[in-house]
Amino acid sequence: MRTIVELCIRCIHLIAAIVWFGGVVFTTFIAMPMVRRYLPNNAQLEIHNRLRRWMRLMIHILLTTGAMVFFIVAWNNDMEFKVDYMLNFVVKLAAFGCMALFWGLHSSLYRRHLEEENAQREPSLIVNLFGVLTLAAGLVVFGIALRLKG
């Protein structure tokens with residue numbers, strides 16, 4: 001039974017990571033550029049807010065299940081960790097924090113851009129920069145996660 005619970009928690013964590021990162025890629029490169037061409041700002045803002053709710057939910061699921069996975073690893077190792085594992089885990093957590101921060105900044109600045117009365121069609125370079133930084137930090141998180149697993 002314990003193994004099934006561990007696998008379920010790890011699966012939920014992995015699915016949330018894929019949905020979150022895939023959602024960021026989708027909104028950054030596909031949805032919002034496409035919507036920007038054909039819809040007014042208020043419709044774009046509504047779509048952005050819907051996607052943002054899902055992304056926030058995924059961040060909360062990732063943090064919760066990540067803490068559970070950390071506890072599972074501790075439990076399986078009699079509460080003893082190797083230094084290499086702990087360093088990688090701390091770097092992964094820091095990269096996740098940067099990723100969430102960059103996404104939050106991107107989302108907030110993009111929302112502010114859409115709320116402006118006479119907003120230009122294209123958001124500023126800084127908004128796009130935070131979107132790209134989010135994706136770069138996400139790739140770092142995935143890379144470290146693979147290193148922790150292996």
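What you find for Thr134 and Met99 is that their closest heavy atoms are O-CG, 3.6 Å. The two residues His106 and Gly131 come nearest to each other via the heavy atoms ND1-N, 3.5 Å. For the pair Ala137 and Ala95, the tightest heavy-atom approach, listed with the atom from each and the gap, is CB-O, 4.0 Å.
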Q. Leu87 and Val91: side-chain contact (heavy atoms from CB on, under 4.5 Å), yes or no, with the steps?
A. CA-CA 6 Å; Leu87 288 174; Val91 170; 5.5 Å; no

**Q.** Residue pair Leu57, Trp54: steps toward the side-chain contact (heavy atoms from CB on, under 4.5 Å) verdict
**A.** CA-CA 5 Å; Leu57 176 65; Trp54 281 101; 4.0 Å; yes

(Q) Working note: Met58 + Val24, criterion side-chain contact (heavy atoms from CB on, under 4.5 Å); need CA distance, chi angles, decisive distance, verdict. (A) CA-CA 11 Å; Met58 291 303 121; Val24 170; over 6 Å; no

Q | Leu39 vs Ile47, side-chain contact (heavy atoms from CB on, under 4.5 Å): CA-CA, chis, key distance, verdict | A | CA-CA 10 Å; Leu39 295 177; Ile47 291 169; 3.8 Å; yes

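In this structure, CG in Leu14 is found 7.0 Å from CZ in Phe142, a value given to the nearest 0.5 Å. Taken from CZ in Phe70 to CE in Met86, the straight-line distance is 4.0 Å, to the nearest 0.5 Å. For the atom pair Leu7 CG and Ile72 CD1, the distance stands at 9.0 Å (nearest 0.5 Å). In this structure, Met55 CE and Thr27 OG1 are separated by 6.0 Å, a value rounded to the nearest 0.5 Å. Within the model, atoms CG of Leu51 and CD of Glu46 stand 11.0 Å from one another, a figure rounded to the nearest 0.5 Å. Arg56 CZ to Arg52 CZ: the interatomic distance, rounded to the nearest 0.5 Å, is 5.0 Å.
Using bins of under 30°, 30° to 60° and over 60° for the plane-to-plane angle, the ring pair Phe71/Trp75 lands in the tilted bin. Taking the six-membered ring where the residue is Trp, Phe96 and Trp20 present tilted rings, their angle falling between 30° and 60°.
In this structure, Arg2 places its CZ atom where more than 12 heavy-atom neighbours from other residues, nucleotides or ligands lie under 6.0 Å away. In this structure, Met34 places its CE atom where only 12 or fewer heavy-atom neighbours from other residues, nucleotides or ligands lie under 6.0 Å away.
Residues Asn49 and Arg111 form a side-chain contact, since some pair of their non-hydrogen atoms from C-beta on lies under 4.5 Å apart. You'll find the side chain of Ile126 stays beyond 4.5 Å of the side chain of His113, heavy atoms only. In this structure, Leu139 and Phe21 have side chains that are in contact, with non-hydrogen atoms separated by less than 4.5 Å. In this structure, Leu133 and Leu105 have side chains that are not in contact, with every pair of non-hydrogen atoms separated by 4.5 Å or more. Residues Phe89 and Ile144 are not in side-chain contact: their nearest non-hydrogen atoms beyond the backbone lie 4.5 Å or more apart.
Formation of a donor-acceptor pair under 3.5 Å by the Ser107 side chain with backbone atoms of Trp103 is not found in this model.
By the rule that hydrophobic residues join a cluster once side-chain heavy atoms approach within less than 4.5 Å of another member, Leu63 and Val90 end up as members of separate clusters. A single hydrophobic cluster is not seen to contain both Phe102 and Val132; linkage of ILVMFWY side chains at heavy-atom distances under 4.5 Å, directly or through other members, places them apart. In the hydrophobic cluster analysis, where Ile, Leu, Val, Met, Phe, Trp and Tyr join through side-chain heavy atoms closer than 4.5 angstrom, Leu62 is grouped apart from Leu101. Tracing side-chain contacts under 4.5 Å through hydrophobic residues (I, L, V, M, F, W, Y), one reaches Ile59 starting from Val25; they form part of the same cluster. Note on Val141: it does not cluster hydrophobically with Leu93, by side-chain heavy-atom contacts below 4.5 Å among ILVMFWY residues.
A salt bridge does not link Arg10 to Glu6: none of the charged side-chain nitrogens sits closer than 4.0 Å to a carboxylate oxygen.
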